[in-house]
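These numbers come from the heavy atoms of this one structure, side chains and all, not from hydrogens, waters or symmetry mates. Reminder, nothing fancy here: chain letters follow the sequence lines and each chain counts from 1. Note that the coordinates shown come from a computational prediction; the quantities given were computed from them, not determined experimentally.
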Amino acid sequence: MAGFQSLPGFRDFYPEDFSRRQHIFSVWRQAASAFGFQEYDAPVLEPLELYQAKSGDEIEAQLFSFKDKGGREVSLRPEMTPSVCRMVGAKAGALKRPIKWFSVAEYYRYERAQKGRLRAFHQLNADIFGEPSPEAEIELIALLIQCLAGFGLTRDDFLIRLSDRDLWFFYLEALGFNEAQARALLVAIDRHEKMGDDAFKGYAEGHGALPAGSKDKILAFLKIKSLDQLEAALATFKSGKLAARLADWRKVLAGVSAMGLADFIAVDLAVVRGLAYYTGFVFEAYDRRGDLRALAGGGRYNDLVKKLGGPDLPAVGFAMGDVTTGLLLAQRGLTPNFISAPDIYAILGGKVERLVALADIHALRAAGFRVEYPFKDLAFGKQFKAAAESGAKLALIYGSEELTKGVVKIRDMAGRAQREVPRDQVVALVRDLLSGH
RNA sequence: GCGGCCAUAGCUCAGUUGGUUAGAGCACAAGAUUGUGAAUCUUGGGGUCGCGGGUUCGAGUCCCGUUGGUCGCCCCA
C-alpha cells in the first residue's frame with residue numbers, strides 16, 4: 001500500500017488496538033477515581049516558554065515545537081507537569097486541599113523511537129498539590145501500585161524503587177561537595193546503573209577527578225537497599241533536618257506496609273531520576289523480570305509551582321506511560337481479548353420482513369441493546385452463520401411465517417432453544433432474557 | 001543527532017548462479033446451499049516486489065541513494 005503513512009513514531013489505532021488502549025485507560029481511571037483523584041485536561045499546544053522555563057537545552061531539542069501562523073513560538077506538550085502547575089497555581093486559593101488531580105492524555109516528543117518509546121504516547125499523570133507531609137507520597141505510591149495491579153500484575157511482576165534526592169544532597173554536602181558538584185554527581189549516580197564507573201567521567205570533566213575515598217563512599221551509599229542500612233550510613237551525622245527526613249522515610253514505609261503493599265516497594269538509593277526539579281522522595285516502577293524501561297516514575301517537586309509563577313505550593317506526582325505498560329501486559333498475557341459482540345442479531349426473511357424488522361430493531365437499540373442485522377438479503381443459513389460469528393446472545397427471526405402470525409422467533413444462540421413471542425412484546429422479553437445474567 | 005538489522009498481497013512468508021505473465025497458507029468475498037450455526041469443495045478480488053537511480057539484452061534478486069520499520073547509543077520530563 002503506497003500513499004500516505006503515519007508519521008514516524010505515531011500510531012494508528014485500529015479497533016483492536018484501540019480496545020487495548022481503552023482497557024489501559026479504564027484501569028487507570030478506575031484506580032485514580034477510587035483514590036479520590038479528579039480528572040482534568042489541558043491544551044495539547046502550549047507556549048514554548050512554558051517548557052523552556054522548566055527544562056534545559058537537551059530537553060528543548062526533543063520538543064515538537066514550531067512557529068504558529070501568528071508568529072508565536074509554540075510546542076506540542078511533552079508532559080503535563082508545567083500545564084497542571086499553571087492550572088493549579090492560578091486557582092490555588094480556591095481549591096480545597098489536598099488537591100488530588102489526574103489526567104490521561106497524549107504527549108509528543110521529537111525523539112528516535114525505540115522499544116517502549118514513541119513520538120506520540122499516552123500517560124497517566126497523578127499529582128497531589130498542597131500536602132507537604134509524606135502522607136501524599138503514601139497515597140501516590142499506593143495509587144501507582146493499584147494502577148499496575150489493576151491489570152492483574154502482581155508483586156512478582158513489578159517493583160517500586162524509592163529514593164530521596166534530599167538525602168543525596170545532604171550526604172554529598174557532608175562529604176564536602178558544593179551544590180554544583182552535587183548536582184553533577186547526581187547525574188553520574190543516575191547513570192551508574194547502566195554505565196558503571198564510566199558514569200563519573202562527565203563529572204571529572206567538569207569538576208576534576210573524584211577523590212577515591214569520596215567515590216567509595218558514594219558507591220556504598222548508592223548500594224543502600226534498606227532503611228536500616230540508610231540509618232546506619234547516616235548515623236555519624238547529627239542534624240535536626242536529617243532526623244526529620246528519616247522520620248518521613250519511616251512514615252512512608254510504614255504507611256505503604258500498613259496497606260499491605262510492602263512487597264511492592266524497595267528502598268533503593270541508586271534511583272535519583274534525570275531532571276533536577278525533584279526535591280525529595282523520588283520513585284520509579286520497574287518490570288521485575290524483564291528488560292523493559294521504567295514503567296512509571298515520579299517524585300516530590302515542591303518548588304516547581306512557584307518557579308512557574310504560582311504560589312509556594314508543595315507537590316508530588318508520577319506519570320505512567322501506555323507504551324511500556326502495553327508491552328508488559330502483552331509479555332504477561334494480560335491483554336484481554338476484546339470481542340465486540342452485539343446482544344442481538346436479527347435474521348431477515350426478505351425485503352418485506354426487513355422493513356418490519358427495522359421498526360423493532362430501532363426500538364431495541366433505543367432501549368439500549370446492541371443490535372445488528374445483515375445489510376444484504378442473504379439465505380437463512382448464511383444469516384444464522386453470521387449471527388453465530390457475531391457472538392450475539394440472541395437471534396430474532398423475522399421470516400414470512402412468523403410475520404403472518406404476528407410473532408417473532410427468539411433463538412438463544414448458546415442453548416439453541418427457540419420460542420415465539422408476539423411482536424409487541426419483543427422489547428420486554430428481550431429485556432427479561434438479557435438482564436438475567 | 002549516531003550505529004546495527006530489516007522491507008514481496010490485509011497477516012505470516014516462499015521466490016534457484018539475475019531469465020517469460022511474482023506464488024502459497026491464513027484472512028476477506030461470492031457460489032455449491034432461498035428456513036437454522038459444522039466441515040468441505042469451487043471461484044474471485046487484492047501486488048506499480050517501500051521509493052528513486054544505476055549495472056545488464058533482462059532486476060523482486062546485484063550496486064548506490066532515500067523513506068519507513070525495528071533494536072541499540074545519546075537523552076529520557
Hey, is the side chain of A/Lys382 poking within less than 4.0 Å of OP1 or OP2 on B/G35, counting only N and O atoms?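 False: A/Lys382 side-chain N/O out of range (4.0 Å or more) of B/G35 OP1/OP2.
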Considering just the side-chain nitrogens and oxygens of A/Lys376, establish if one lies under 4.0 Å of OP1 or OP2 belonging to B/A30.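 Looking at the OP1 and OP2 atoms of B/A30, one of them is under 4.0 Å from a side-chain N or O of A/Lys376.
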Look at all strands and tell whether [X] reaches a base, only sugar-phosphate, or nothing, counting heavy atoms closer than 4.0 Å.
| X | answer |
| --- | --- |
| A/Pro78 | base |
| A/Gly298 | nothing |
| A/Ile397 | base |

Under 3.5 Å donor-acceptor, A/Arg86 side chain and A/Leu308 backbone: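 Not confirmed, A/Arg86 side chain does not pair with A/Leu308 backbone.
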Do the side chain of A/Trp168 and the main chain of A/Ala182 share a donor and acceptor less than 3.5 angstrom apart?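 Side chain of A/Trp168 to backbone of A/Ala182, a donor-acceptor pair under 3.5 Å: no, none is there.
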Identify which one of A/Arg431, A/Arg370, A/Lys393 satisfies the salt bridge (charged side-chain N to carboxylate O under 4.0 Å, His left out) criterion when paired with A/Asp343.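 Of A/Arg431, A/Arg370, A/Lys393, salt bridge (charged side-chain N to carboxylate O under 4.0 Å, His left out) with A/Asp343 is met by A/Lys393 alone.
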Pick one: which of A/Arg332, A/Arg293, A/Lys115 meets salt bridge (charged side-chain N to carboxylate O under 4.0 Å, His left out) with A/Asp287? A/Arg332
Base of [N], side chain of [X] - is there a donor-acceptor contact under 3.5 Å?
| X | N | answer |
| --- | --- | --- |
| A/Arg273 | B/A77 | no |
| A/Gln418 | B/U36 | yes |
| A/Arg112 | B/C73 | no |
| A/Glu402 | B/G35 | yes |

Euclidean distance, atom [atom1] of residue [X] to atom [atom2] of [N] [Å, nearest integer]:
| X | N | atom1 | atom2 | answer |
| --- | --- | --- | --- | --- |
| A/Phe283 | B/A77 | CZ | P | 13 Å |
| A/Lys405 | B/G35 | NZ | C1' | 13 Å |
| A/Glu401 | B/U36 | CD | P | 10 Å |
| A/Tyr278 | B/C76 | OH | P | 12 Å |
| A/Lys115 | B/C6 | NZ | P | 19 Å |
| A/Tyr51 | B/A77 | OH | C1' | 11 Å |
| A/Asp198 | B/C74 | CG | P | 11 Å |
| A/Gln5 | B/U67 | CD | C1' | 8 Å |

Aromatic rings A/Phe384 and A/Phe380: how do their planes relate, parallel, tilted or perpendicular, breaks at 30° and 60°?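 Ring orientation of A/Phe384 relative to A/Phe380: tilted.
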Separation between the [atom1] atoms of [N] and [M], rounded to whole Å:
| N | M | atom1 | answer |
| --- | --- | --- | --- |
| B/C5 | B/G46 | C1' | 30 Å |
| B/U70 | B/U33 | P | 49 Å |
| B/G15 | B/A59 | C1' | 14 Å |
| B/A14 | B/U61 | C1' | 13 Å |
| B/A9 | B/C51 | P | 10 Å |
| B/A39 | B/G58 | C1' | 48 Å |
| B/G47 | B/G23 | C1' | 11 Å |
| B/U43 | B/U67 | P | 45 Å |

Heavy atoms from C-beta onward define the side chain here; which of B/U34, B/A77, B/G35 lies closest to that of A/Ala379?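 Nearest to the side chain of A/Ala379 among the choices is B/U34.
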Nearest to the A/Glu79 side chain among B/A77, B/G72, B/C76, which nucleotide is it?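 Comparing B/A77, B/G72, B/C76 against the side chain of A/Glu79, the answer is B/A77.
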Taking 4.0 angstrom as the limit, do [X] and [Y] come out as a salt bridge?
| X | Y | answer |
| --- | --- | --- |
| A/Arg21 | A/Asp322 | no |
| A/Arg245 | A/Asp164 | yes |
| A/Lys241 | A/Asp166 | no |
| A/Arg289 | A/Asp157 | yes |
| A/Arg183 | A/Glu179 | yes |

Taking the side chain as every heavy atom from C-beta outward, state whether A/Phe177 and A/His207 have any pair of such atoms under 4.5 Å apart.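 A side-chain contact is absent here, since even the closest heavy-atom pair is not under 4.5 Å.
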Tabulate protein N/O versus nucleotide N/O from nucleotides 37-44 of chain B, keeping only pairs under 3.5 Å, one per line.
{"unit_1": "B/G37", "atom_1": "N7", "unit_2": "A/Arg411", "atom_2": "NH2", "d": "2.6"}
{"unit_1": "B/G37", "atom_1": "O6", "unit_2": "A/Arg411", "atom_2": "NE", "d": "2.8"}
{"unit_1": "B/G37", "atom_1": "O6", "unit_2": "A/Arg411", "atom_2": "NH2", "d": "2.8"}
{"unit_1": "B/G37", "atom_1": "O6", "unit_2": "A/Met413", "atom_2": "O", "d": "3.2"}
{"unit_1": "B/G37", "atom_1": "N1", "unit_2": "A/Met413", "atom_2": "O", "d": "2.5"}
{"unit_1": "B/G37", "atom_1": "N2", "unit_2": "A/Met413", "atom_2": "O", "d": "3.4"}

Pairs counted only when both distances fall under 3.5 Å, Watson-Crick or G-U: show me the 5' to 3' dot-bracket for RNA chain B, [ ] for pseudoknotted crossings and | for other-strand partners. (((((((..((((.....[...)))).(((((.......))))).....(((((..]....))))))))))))....
Taking the six-membered ring for Trp, are A/Tyr108 and A/Phe66 closer than 6.0 Å centroid to centroid?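 A/Tyr108 vs A/Phe66: aromatic centres not under 6.0 Å.
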Taking the nucleotide of RNA chain B with the closest heavy atom to each, which residue, A/Tyr110 or A/Arg293, is nearer the 5' end? A/Tyr110
In residues 117-128 of chain A, which residues come under 4.0 Å of RNA chain B by heavy atom?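 A/Arg117, in order of number.
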Test A/Val408 against every option in A/Arg423, A/Glu420, A/Arg419, A/Glu402 by the side-chain contact (heavy atoms from CB on, under 4.5 Å) rule and name the one that passes.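 The single option meeting the side-chain contact (heavy atoms from CB on, under 4.5 Å) with A/Val408 is A/Arg423.
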Rounded to the nearest 0.5 Å, how far does CZ of A/Phe200 lie from NE2 of A/His192?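 One gets 5.0 Å once the value is rounded to the nearest 0.5 Å.
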